[in-house]
Amino acid sequence: MRVTDQIAADSVPGRQKRDLSSVRYFQSRRFQNRVATILIFLVLIAGTIFVMLPFFWMISTSLKRPGTEFAFPIEWIPNPPYWPNYPDAWTLLPFSTWFLNTVNITSVSIIGHVVSCAIVGFGFARIRFVGRDVLFVLVLATLMLPYPSIVAPLFLLFKNLGWIDTFLPLIVPTFFASNAFYIFLLRQFFRTIPMDLDDAARVDGCNTFGVFWHIALPLTRPAMGVIAVFSFMLHWNDFLGPLIFLSTTENFTLALGLRFFQGQYQVQWSLLMATSLVILLPTIVVFFVAQKYYIQGIVVTGIKG
């Protein structure tokens, strides 16, 4: 407090002193920071409610009796909740078979993406060879190719191989580093590892594969966790791939089976929302379980890459 302010404060009665102190507090930077923080939290809360509103509606609709989904006013908390929607929706069509198909495709594809992209990313980051940078630019250029533009050539290729209506077109390409973004992510991560570790390993007798397996790979767990999460979400929710390469109902995945359920019967929104919620739950669980690797991998790769 300045000397003039102190003299002015001493010359006024006690109530005026308190009023003067309150005015100074409201004009202080501390008060302004608190107001800004409160406003930011209010905006974030409002945005969260807006984003989560469809999810709440899906949960609410899945617990309503068929025929009451669009009753007005909206009943956000059904009373009583109608739990038979879940077993009824799951047993109406072979969702158990489709669930196993999706699990098999997703799990094998995750392994293929992680292993193949790690090998290719290590090669671009740690091995010097003629045309490395040009080849890497070509790999990145494939990101500009939309998937629908290569569907026809892929379909003809897999048809000639006799792979149509099998899981092979959805699984085999993952073992050949078919995702350029995963390669780029791992390359950037491998480049953050000091080359001195490679030199020390070679002095101890490691070859290139030994450096990759014993030195580089254990240090890239965060990035590999990110790729595993991305790959899981990609294949678990994939609709276009199964739609093109699968034709038998027994080979359908959950995404394709859900669309088949919507088109086969009159749309029963309570059953549809119940099935959608069950299909969505594994994605939510995997994200929350692996969010440490997801956040750490993005942060480290974004800062040091």
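The structure displayed is predicted, hence computed values, not measured ones.
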More than 12 heavy atoms from other groups under 6.0 Å of [atom1] on [X]:
X      : atom1 : answer
Leu145 : CG    : yes
Arg132 : CZ    : yes
Met52  : CE    : yes
Tyr147 : OH    : yes

Under the 6.0 Å and 45° cation-pi test, does Arg259 pair with Phe239?
-> no

Determine, using the 4.5 Å side-chain heavy-atom cutoff (strictly less than), whether Phe41 and Phe50 are members of one ILVMFWY cluster.
-> no

Do Phe129 and Phe122 share a hydrophobic cluster (ILVMFWY, side-chain heavy atoms under 4.5 Å, transitive)?
-> yes

Does Asp238 reach the main-chain N or O of Leu234 with its side chain, forming a donor-acceptor pair under 3.5 Å?
-> no

May I ask you to decide if Ile111's main-chain N or O and Thr174's side chain share a donor-acceptor pair within less than 3.5 Å?
-> no

Under 3.5 Å, is there a donor-acceptor pair between the Trp90 and Ser96 side chains?
-> yes

Which heavy atom in Ile105 sits nearest to a heavy atom in Ser109, and how many Å separate them?
-> O-OG, 2.6 Å

If every non-hydrogen atom of Asn207 is compared with every non-hydrogen atom of Gly210, which pair is closest and at what distance?
-> OD1-N, 2.7 Å

ring-ring contact (aromatic ring centres under 6.0 Å, His included) test vs His113 passes for just one of Phe232, Phe230, Tyr182, namely Tyr182

Criterion side chain to side chain contact (heavy atoms under 4.5 Å, CB included) against Val139, the qualifying member of Phe181, Phe124, Phe184 = Phe124

Check Tyr86, Trp269, Trp57 against Ser62 for a side-chain hydrogen bond (donor to acceptor under 3.5 Å, both in side chains) and give me the one that passes.
-> Tyr86

Would you give the length of the straight line joining atom CZ of Arg202 to atom OG1 of Thr208, rounded to the nearest 0.5 angstrom?
-> 4.0 Å

Which of parallel (below 30°), tilted (30 to 60°) and perpendicular (above 60°) describes Phe260 and Trp98?
-> perpendicular

